[in-house]
Amino acid sequence: MIKLTPVAIILASLLSMSAASAGEPIEPIKPAVITNPDKVELGKMLFFEPRLSMSGFISCNSCHNLSTGGVDALPTSIGHHWQEGPINSPTVLNADYMLAQFWDGRAADLKAQAAGPIANPKEMAYTHELAVDTIASMPAYVARFNHVYASDEVNIDRITDAIAAFEKTLVTPNSPFDLYLTGDADAIDAEAKAGYQLFKDKGCVSCHNGPAVGGTMYMKMGLVKPFHTDNPAQGRKDVTGNEADKYVFKVPTLRNIELTYPYFHDGSVWTLEEAVDTMADIQLGQKLSDAEINQMVAFLKTLTGEQPQIVLPILPPSNANTPRPAPF
């Protein structure tokens, strides 16, 4: 009997995965590889840190709740002084696979995205200067920055860098569909398999493909028929100023889509059945039967992967030098 070395076993596994998913438009999500656990831990603390907001109440996790699929499950988010956010909060899960961040792609990466809400008057309503002063006021944080960055300087660049490092670990591998792609024919049932075939045959994969099943391109919302909404967001036009970019948004990931309702940039649709029916109509110009919709939904539910198992961080106490919150 020939004994394989650990390296040979890994290579054989990777080759098996490649063979099983060869030619498929969707690829399995890979587990996170953490090379700097101390930076990730610091980023997790800052992700859950409500004192990065003017109210001392809103954290990154408020709108990207890791207990509910990385979203807040609201049509649009609630910001400082209960202000209504302008757009639906995208999931933070698997966000590192996106070509850019936010629906309109105005942030190039997770680090740039993390800086935006802190200073947005409708979101966390702080300033970057106050955020830095707040974190720098606590010796326990300063010690962690010194350990991670070999300097006790706290600045917004390092704050957002650490948050991004944590967010990059928020991947959801080993969904039933991933197991199916990697060779387990019984990982999904016949209805889901039929739904996946429809997903390919109807053309959904032209936008929703790759490991995140989306997130790698921009597309007009209402490609074939207009999408009617009261939401004022204009998509890429708000970034580029080009009329041709009106209502062009980043294609969202479909990973964990069962958990990330309500749907679309305006959060107007609460069920997957309605979302599938609407997208087939306005994006593809097709009418699906109830049976086809149910099959497609069965497939989409197989994209729910293993959720990040997060141990809540214990945050340092404020002190006399820490800026006071102003919630009201």
Rounded distance (nearest 0.5 Å) linking atom [atom1] of [X] with atom [atom2] of [Y]:
| X | Y | atom1 | atom2 | answer |
| --- | --- | --- | --- | --- |
| Ser77 | His64 | OG | NE2 | 7.0 Å |
| Glu258 | Ser175 | CD | OG | 11.5 Å |
| Phe227 | Thr229 | CZ | OG1 | 5.0 Å |
| Ile257 | Leu303 | CD1 | CG | 9.0 Å |
| Leu170 | Asp96 | CG | CG | 10.0 Å |
| Thr304 | Asn174 | OG1 | CG | 13.0 Å |

Would you find more than 12 non-hydrogen atoms of other residues, nucleotides or ligands less than 6.0 Å from [X] atom [atom1]?
| X | atom1 | result |
| --- | --- | --- |
| Tyr247 | OH | no |
| Lys301 | NZ | no |
| His81 | NE2 | yes |
| Ile314 | CD1 | no |

[X] with [Y]: basic N within carboxylate O range, under 4.0 Å:
| X | Y | value |
| --- | --- | --- |
| Lys225 | Asp281 | yes |
| Lys111 | Asp157 | yes |
| Asp104 | Lys237 | no |
| Asp152 | Arg144 | no |
| Glu84 | Lys122 | no |
| Lys287 | Asp277 | yes |

Looking only at side chains, do Gln307 and Asn256 share a donor and an acceptor under 3.5 Å apart?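 Asn256 and Gln307 do have a side-chain donor-acceptor pair below 3.5 Å.
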Using side-chain heavy atoms (C-beta onward) and a distance below 4.5 Å, is [X] in contact with [Y]?
| X | Y | result |
| --- | --- | --- |
| Phe48 | Leu66 | yes |
| Thr68 | Leu259 | no |
| Pro327 | Phe57 | no |
| Tyr196 | Ile26 | yes |
| Thr169 | Lys44 | no |
| Cys204 | Leu284 | yes |
| Gln283 | Lys220 | no |
| Phe166 | Leu110 | no |

When clusters are formed by joining ILVMFWY residues with side-chain heavy atoms under 4.5 Å apart, either directly or through shared neighbours, do [X] and [Y] land in the same one?
| X | Y | result |
| --- | --- | --- |
| Tyr141 | Val132 | yes |
| Val171 | Val213 | no |
| Ile87 | Val269 | yes |

Given the rule in the side chain to side chain contact (heavy atoms under 4.5 Å, CB included) test, do Arg236 and Lys246 qualify, once you have shown the distances and angles that lead to the verdict? CA-CA 6 Å; Arg236 291 291 292 164; Lys246 191 173 184 178; over 6 Å; no
Phe264 ring center within less than 6.0 Å of Phe249 ring center: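 That pair fails the under 6.0 Å test.
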Do Phe177 and Phe299 have ring centroids that are under 6.0 Å from one another?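 Centroid separation for Phe299 and Phe177: below 6.0 Å.
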Shortest non-hydrogen separation from Glu153 to Phe145 and the atoms involved: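 It is O-CD2, 4.1 Å.
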